[in-house]
Amino acid sequence: MIAFYAIVQLDGASPGPQILHQMGASLAAIPHESQRQWVGRGAALGALVSSTTTEEALTEQPLVDEPSGLSALLAGRLDNRSELAAQLGVDERLRSDVHLVLRAFERWGAAAFEHLMGDFAATVWDGHRRQLWCARDPSGACPVYFRVAGHRVLLSSDIVALLAPEETVEPDEVAIAARLAGHVVDNERTLYRNIRRLPPAHRMRVDDHGVTINRFFDHDFGARLRLKDDREYAEHFRGHLQDAVQDQSRAQSPLAVDLSGGLDSSSICAMAGELQRAGRLQAPSWEPYSLRFPGMGCDESRYIDAVLGHLEVVGRGHEPRPLSDTAERARRYQDMPDYPNGAMADGLYALARTNGCQVVLSGCGGDEWLTGSYASAADLLASGAVGPLIRGAAAATGWRPWAMARHMVGHALKPWLPPAVRQALSSAPTFAPWIDRRLARRVDLAARLARPRRKLPGATHAQTATVRSVESGWVFHGLEMEARAASYHGLELRYPFTDRRLVAFCLAIPEDQRARSGITKWVLRGAMKGLLPEIVRMRRDKAEFSEVVEQALTTLPALPTSRWQLSRRGWIDPNRLAEALARARNCPKSAHLHALWSTFALEMWVNELDVVCN
């Protein structure tokens, strides 16, 4: 696990030591075993390293190879080490992941990133060509932020490193308005106008011409997998999931596995247990870690205990306390502080780290890739599959005639209508009423929230809906915040359900293997038969953590909304916000609950922004 930073001088000069020192010092709060910097003509690289694998400990970062003129950094890990080492003609056992990246770049240049699989942010400085390349894998688990500042381009895995230099920063009103509305409009903007994110599946080149960004990976939407029956689909899926967990279990310390009680995290635990029994787990041991909420509606203890009993393992639990340090988190990150349903894992992370863990496996990604989509109705209509179309509408609406009719029109017929007609039939996006109307008009908020998504040539309607959901902004934003929180505890989060090979399988199988008769994750449920207790394998509900957000809202300061910095900057209507807060306190289930929290979190950030700007 590393926190990295880099500087490219567009004028060819050597970066000064002061700015490099500032960037490194700003990341010092992230636990690390060593820190190393390299300065060359035109660029400088730095990393704070805490080795999570034996291979990672083989090589210092940045890795510098003087004969080739290449210097490299790698945050995250590679899961196709064997294949990559064979292609490059090197001994996998003697090579760290970053060494494989450097050799791959030496062989293939910028096309090297297309050969890498895993959760990674890879950076390579080519001294001979005076170019810096940086790529981010498709899963979005490893963040990359960058900033153009005069004749310099600064990069880092954490926004706070880009605030250390002396250049001023300014708020991005588009991103702020979207967050006030409870949205993330794209995968490039941050809360700072002059700091951007490198989107997942993209690479950037920095040279004397500036910054160029393009996509280097996309899914194969034309791939179709047709097997004999449900049993074969389940067997293939189980094999892919087991391989993903095996690859991601590579760790030199005990492996922590998040067990929430849901189907996804429970499946990861089942796979870890299977691998350990077969002698294929790449960590010395594994242990489940769970959050418990006694007396609350979101408590999943009965499901957690059912999984622990079925797997015959002992887990560790933690009861989170109400969130009370949001201002401190904003100060630490100089960015949006953690959401309550993310910050609740802090105690669990601390417990795992105390027990010697450095890696945590998470079930995130299962919902996105396996839930299925109502958009499949449009594909069924096109293929003339009337029976499955009707049965799907009935399962979604409970056989209510008018509801079925609306479902058929909205999901089966509407996608085939001309764009102008679809737009006319769509309702205008709504957002929180306390957003100042002048701000909303200034950034054209309604249009940005209704922006068209990228086209996916060759994709079915169901595939399109799934991929667009994953790329919506919220998913990657959530992963970045999770990764940031874990890193400050000295932990690396990994996500087997986002393994590229597993995702390719999920997109290639028929839609009824993802959802059938109103039951989601059909293929996963089949794959887990016998490996999980039935109460978990066939559960159709999920824990809902609004209650955690409701509790957090009680920690809001008593300062009148008219005196909030958001109000003073003209971004919110303080009277409407006060009314919404009063309603939320009297009726916690009221609308805009998460947007209210985002507004409060932004207030904490704006207070820190004033400190940074001054």
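In this text the structure is predicted, and so the values were computed from the model without any measurement.
- Nearest heavy atom pair, residue L532 against residue A270, reads CD2-CB, 3.9 Å.
- Aromatic ring centres of H240 and W369 lie farther apart than the 6.0 Å criterion allows.
- Residues E471 and N187 share a closest heavy-atom pair of O-ND2, 3.2 Å.
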Test log, rule side-chain contact (heavy atoms from CB on, under 4.5 Å), inputs T52 and R494: CA-CA 12 Å; T52 59; R494 299 178 184 173; 3.5 Å; yes
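- For the pair V314 and P288, the tightest heavy-atom approach, listed with the atom from each and the gap, is O-CD, 3.7 Å.
- Between E312 and R277 no salt bridge is recorded (no basic side-chain N to carboxylate O distance below 4.0 Å).
- The backbone N or O of E368 lies less than 3.5 Å from no partner atom in the side chain of T371, so there is not a single donor-acceptor pair.
- I176 places a side-chain heavy atom less than 4.5 Å from the side chain of L191.
- A distance of 11.5 Å separates CG of D264 from SG of C269, quoted to the nearest 0.5 Å.
- Classification of R484 and D158 as a salt-bridged pair fails, no side-chain N sitting under 4.0 Å from a carboxylate O.
- Under a 3.5 Å cut-off, the side chain of S472 and the backbone N or O of R468 do not form any donor-acceptor pair.
- H407 and Y374 have perpendicular rings, their planes meeting at more than 60° on a 0 to 90° scale where under 30° would count as parallel.
- Side-chain contact between C506 and F237 is present, with at least one heavy-atom pair separated by less than 4.5 Å.
- Side-chain contact check for V144 versus H202: every heavy-atom pair is 4.5 Å or farther apart.
- In this structure, CD in Q282 is found 10.5 Å from CD in Q248, a value given to the nearest 0.5 Å.
- Classification of R329 and D338 as a salt-bridged pair holds, one side-chain N sitting under 4.0 Å from a carboxylate O.
- Counting heavy atoms from C-beta outward, T460 and R224 have side chains that approach closer than 4.5 Å.
- Salt-bridge check for E55 with R250: passed, with a basic side-chain N closer than 4.0 Å to an acidic carboxylate O.
- Remark: the backbone N or O of E83 is not paired with any side-chain donor or acceptor of N80 at under 3.5 angstrom.
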Intermediate values then yes/no, salt bridge (Lys or Arg N to Asp or Glu O under 4.0 Å), E480 and R197: CA-CA 11 Å; E480 288 169 1; R197 305 149 80 199; 3.0 Å; yes
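- Contact of the V185 side chain with the L449 side chain is registered, since non-hydrogen atoms from C-beta on lie closer than 4.5 Å.
- The salt bridge (Lys or Arg N to Asp or Glu O under 4.0 Å) test with D247 is passed by exactly one of R501, R280, R500: R501.
- Counting heavy atoms of neighbouring residues, nucleotides and ligands inside a 6.0 Å radius, atom NE2 of H236 does not exceed 12 of them.
- A ring-centre distance under 6.0 Å is not found for W597 and F545.
- Put simply, the side chain of R353 gets close to the backbone of C357: a donor and an acceptor are under 3.5 Å apart.
- The distance from the CG atom of L259 to the OG atom of S362 is 11.5 Å, given to the nearest 0.5 Å.
- With hydrogens and angles ignored, the 3.5 Å screen pairs a side-chain donor or acceptor of Q252 with a backbone N or O of S51.
- Using bins of under 30°, 30° to 60° and over 60° for the plane-to-plane angle, the ring pair F217/H219 lands in the perpendicular bin.
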Residue pair S139, D119: steps toward the side-chain hydrogen bond (donor to acceptor under 3.5 Å, both in side chains) verdict: CA-CA 7 Å; S139 77; D119 298 336; 2.9 Å; yes
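- Within the 4.5 Å cutoff, the side chain of E56 has no heavy atoms near those of the D97 side chain.
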Verdict with reasoning, Y289 to N355, per side-chain contact (heavy atoms from CB on, under 4.5 Å): CA-CA 11 Å; Y289 285 77; N355 291 330; 3.0 Å; yes
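- Summarising the geometry, atom CZ belonging to R540 is positioned 12.5 Å from atom CG belonging to L263; distances are rounded to the nearest 0.5 Å.
- Exactly one of E188, R215, R136 qualifies for a side chain to side chain contact (heavy atoms under 4.5 Å, CB included) with P199. That residue is E188.
- The shortest non-hydrogen separation linking L281 to A272 is CD1-O, 4.1 Å.
- Side-chain polar atoms of S373 and T466 form no donor-acceptor pair below 3.5 angstrom.
- Atom CH2 of residue W522 and atom CG of residue L524 lie 12.5 Å apart, to the nearest 0.5 angstrom.
- Using a distance-only test at 3.5 Å, with no hydrogens or angles considered, no donor-acceptor pair links the side chain of Q276 to the main chain of G273.
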side-chain contact (heavy atoms from CB on, under 4.5 Å) assessment of L456 paired with Q463: CA-CA 9 Å; L456 306 176; Q463 289 175 327; over 6 Å; no
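- Using a 4.5 Å heavy-atom cutoff, the side chains of E547 and F293 are not in contact.
- Of all the heavy atoms in I390 and M404, the pair that sits closest is O-CE, 3.9 Å.
- When atom types are taken as modelled, the side chain of D79 and the backbone of D499 share no donor-acceptor pair closer than 3.5 angstrom.
- Using cut-offs of 30° and 60° for the angle between ring planes, the Y339 and H477 rings count as perpendicular.
- Within the 4.5 Å cutoff, no side-chain heavy atoms of V313 are placed close to those of E287.
- At distances below 3.5 Å, not a single donor-acceptor pair connects side-chain atoms of S598 with backbone N or O atoms of G182.
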Criterion side-chain contact (heavy atoms from CB on, under 4.5 Å) on R391 and S517, from CA distance to verdict: CA-CA 7 Å; R391 288 194 294 273; S517 303; 6.0 Å; no
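- Salt bridge E235/R231: present, at least one basic N to carboxylate O contact under 4.0 Å.
- Taking CZ of R226 as the start and OH of Y233 as the end, the distance is 5.5 Å to the nearest 0.5 Å.
- The side chain to side chain donor-acceptor pair (under 3.5 Å) analysis of residues 502-513, with sequence neighbours excluded, yields the pairs D230-Q513, E511-R514.
- Residue A465 comes nearest to A375 through the heavy atom pair CB-CB, 3.7 Å, listed as atom of the first residue, atom of the second, then distance.
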